Amino acid sequence: MEAVNLWDALAVIASAIVGSMGLGGGSVLILYLTLVKGTPQLRAQGINLLFFLPCAVTAVCMYQKQGLLRWDILWRMTVGGLLGVLLGQMLLRQIETKAITALFAGFLIVAGVITLFSKQESTEQENAEKGK
Amino acid sequence: MGVPVGVINILLGAGGGILAVPILKKCGLDQKEAQANAVAVILPLTFVSFLLYARGQYVYFAENAWILPLSAFGAILGATIFKKLSPRFLRKLFAIFMIWAGVRMLWKL
């Protein structure tokens with residue numbers, strides 16, 4: 001990431017747009033860094049975590065104003081999630097970088113397939129919303 | 001119930017949100033709410049993951065600081081169009097992109 005060019009800037013903005021919608025913008029930035037810029041996987045992941053902080057803070061403030069956040073559920077998931085982070089940290093020390101890259105690729109494929117074929121469910125829910 | 005979200009978030013440095021969406025839907029949230037709340041769930045997880053990465057020296061803060069304002073700018077755009085947009089088309093498009101990227105990544109390994 002020595003010289004920042006227009007494509008770097010566009011990649012960050014695009015990732016933030018996708019990321020702020022909860023669609024996995026992080027994967028866009030990591031892919032850009034690893035596949036286009038040749039950044040090592042773990043370093044790309046670190047940059048992505050940093051990147052996501054202002055993106056998420058901004059989005060969360062806006063969603064709070066829009067009345068979309070459900071704090072009752074959020075608290076419970078966050079506590080579990082923090083436990084998961086500590087667990088993941090222990091795993092991270094044990095796993096080779098290559099295995100993490102493979103895991104990342106596998107995760108993308110599985111998440112992509114699930115998202116692609118979840119059509120029925122989301123259509124039903126959207127219809128239910130309209131019916132309210 | 002958030003445990004797998006945290007594990008994925010730190011191991012992959014991303015992806016916690018994608019995983020949080022279906023879990024939130026199971027809690028009774030609709031698609032849009034689930035996506036918005038997923039961002040809120042992974043914000044603290046990302047913060048802790050980032051601190052742990054920084055300690056492991058996977059992060060070079062100074063040379064990447066330019067990312068921060070652009071990230072906030074992109075989020076304003078995203079969160080503004082979010083309420084007007086039917087996210088279904090975008091999700092499908094993005095799903096195809098993820099599959100393609102995953103395959104390409106494995107190919108290069």
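Because the structure is a prediction, the values reported are computed rather than measured. Just so we're on the same page: letters track the sequence lines, and every chain starts at 1.
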Seminar exercise, completed: Residues passing the side-chain hydrogen bond (donor to acceptor under 3.5 Å, both in side chains) test with A/Tyr63, sequence neighbours excluded, are none

For this session: Name the option with the most non-hydrogen atom pairs under 4.5 Å to chain B; the candidates are A/Gly22, A/Ala9, A/Ala105.
Result: A/Ala105

Problem set entry | Interface residue of largest heavy-atom contact number with chain B, from A/Thr101, A/Leu35, A/Ile109, under 4.5 Å | A/Ile109

For this session: Quick one: which of A/Leu83, A/Leu87, A/Leu53, A/Val60 has the most heavy-atom pairs under 4.5 Å with chain B, could you say?
Result: A/Leu53

Seminar exercise, completed: Applying a strict 4.5 Å limit to non-hydrogen atoms, the region of A/Leu103 in contact with chain B is both

Exercise. Contact part of A/Phe104 toward chain B, heavy-atom cut-off under 4.5 Å: side chain, backbone, both or neither?
Worked result: both

Exercise. Who among B/Ile76, B/Leu77, B/Ile42 has the most heavy-atom pairs with chain A under 4.5 Å?
Worked result: B/Ile76

Problem set entry | Cluster link A/Leu74 to A/Val79, ILVMFWY, side chain under 4.5 Å | no

For this session: Give a yes or no on whether B/Trp107 and A/Leu108 share a hydrophobic cluster (residues Ile, Leu, Val, Met, Phe, Trp, Tyr; joining criterion: side-chain heavy atoms under 4.5 Å apart).
Result: no

Seminar exercise, completed: Pair count under 4.5 Å, heavy atoms only, with chain B: among A/Leu50, A/Val12, A/Leu92, highest is A/Leu50

Problem set entry | Which portion of A/Gln41 sits near chain B, non-hydrogen atoms under 4.5 angstrom | side chain

Exercise. What part of A/Leu69 is in contact with chain B, defined as an atom under 4.5 angstrom from a non-hydrogen atom: side chain, backbone, both or neither?
Worked result: both

Exercise. So which part of A/Thr34 gets closer than 4.5 Å to some heavy atom of chain B, the side chain, the backbone, both or neither?
Worked result: side chain

For this session: May I ask whether B/Val21 and B/Val39 are part of the same hydrophobic cluster, defined by side-chain heavy atoms of I, L, V, M, F, W, Y residues being less than 4.5 angstrom apart, directly or through others?
Result: no

Exercise. Hey, does the Lys NZ or Arg CZ of B/Lys32 hover above the aromatic six-ring of B/Phe82, less than 6.0 Å from the centre and inside 45° of the axis?
Worked result: yes

Exercise. For the candidates B/Ile18, B/Asn37, B/Ile8, B/Ile23, which exhibits the highest count of non-hydrogen atom pairs separated by less than 4.5 Å from chain A?
Worked result: B/Asn37

Exercise. Looking at B/Val48, B/Val5, B/Ile96, B/Leu52, which makes the most heavy-atom pairs under 4.5 Å with chain A?
Worked result: B/Leu52

Problem set entry | Region of B/Pro4 in contact with chain A, defined by heavy-atom distances below 4.5 Å | neither

Problem set entry | CZ (B/Phe97) with more than 12 external heavy atoms under 6.0 Å | yes

Problem set entry | Cluster check A/Leu86, A/Ile95: I/L/V/M/F/W/Y, side chain < 4.5 angstrom | no

For this session: Return the option, out of A/Gly26, A/Ser27, A/Gly112, with the maximum number of heavy-atom pairs under 4.5 Å with chain B.
Result: A/Gly112

For this session: Could you check which of B/Leu19, B/Val103, B/Leu106, B/Leu11 has the highest count of heavy-atom pairs closer than 4.5 Å to chain A?
Result: B/Leu11

Problem set entry | Atom group of B/Phe47 that falls short of 4.5 Å from chain A, counting heavy atoms | both

Exercise. Less than 4.5 Å apart, any side-chain heavy atom of A/Ser15 and any of A/Phe51?
Worked result: yes

Problem set entry | Note: A/Asp8-A/Lys37 ion pair, threshold 4.0 Å (strictly below) | yes

Problem set entry | Selection from A/Gly19, A/Ala59, A/Gly88 maximising heavy-atom pairs under 4.5 Å formed with chain B | A/Gly88

Seminar exercise, completed: Whatever's closer than 4.5 Å to a heavy atom in chain B on A/Gln66 counts as side chain

Exercise. Distance from A/Asn48 atom CG to A/Leu42 atom CG, nearest 0.5 Å?
Worked result: 12.5 Å

Exercise. Among B/Ala65, B/Ala34, B/Gly17, B/Ala40, which has the most heavy-atom pairs under 4.5 Å with chain A?
Worked result: B/Ala40

Seminar exercise, completed: Comparing B/Ala14, B/Ala20, B/Cys27 against chain A, the one with the most heavy-atom pairs below 4.5 Å turns out to be B/Ala14

Exercise. So, for B/Tyr53 and B/Phe50, is the gap between ring centers shorter than 6.0 Å?
Worked result: no

Exercise. Just how far is it from atom CG of A/Asp72 to atom CE of A/Met77, taken to the nearest 0.5 Å?
Worked result: 12.5 Å

Exercise. Once you round to the nearest 0.5 Å, how far does OG of B/Ser71 lie from CH2 of B/Trp66?
Worked result: 10.5 Å

Exercise. With only heavy atoms counted, which part of A/Val57 is less than 4.5 Å from chain B, the side chain, the backbone, both or neither?
Worked result: both

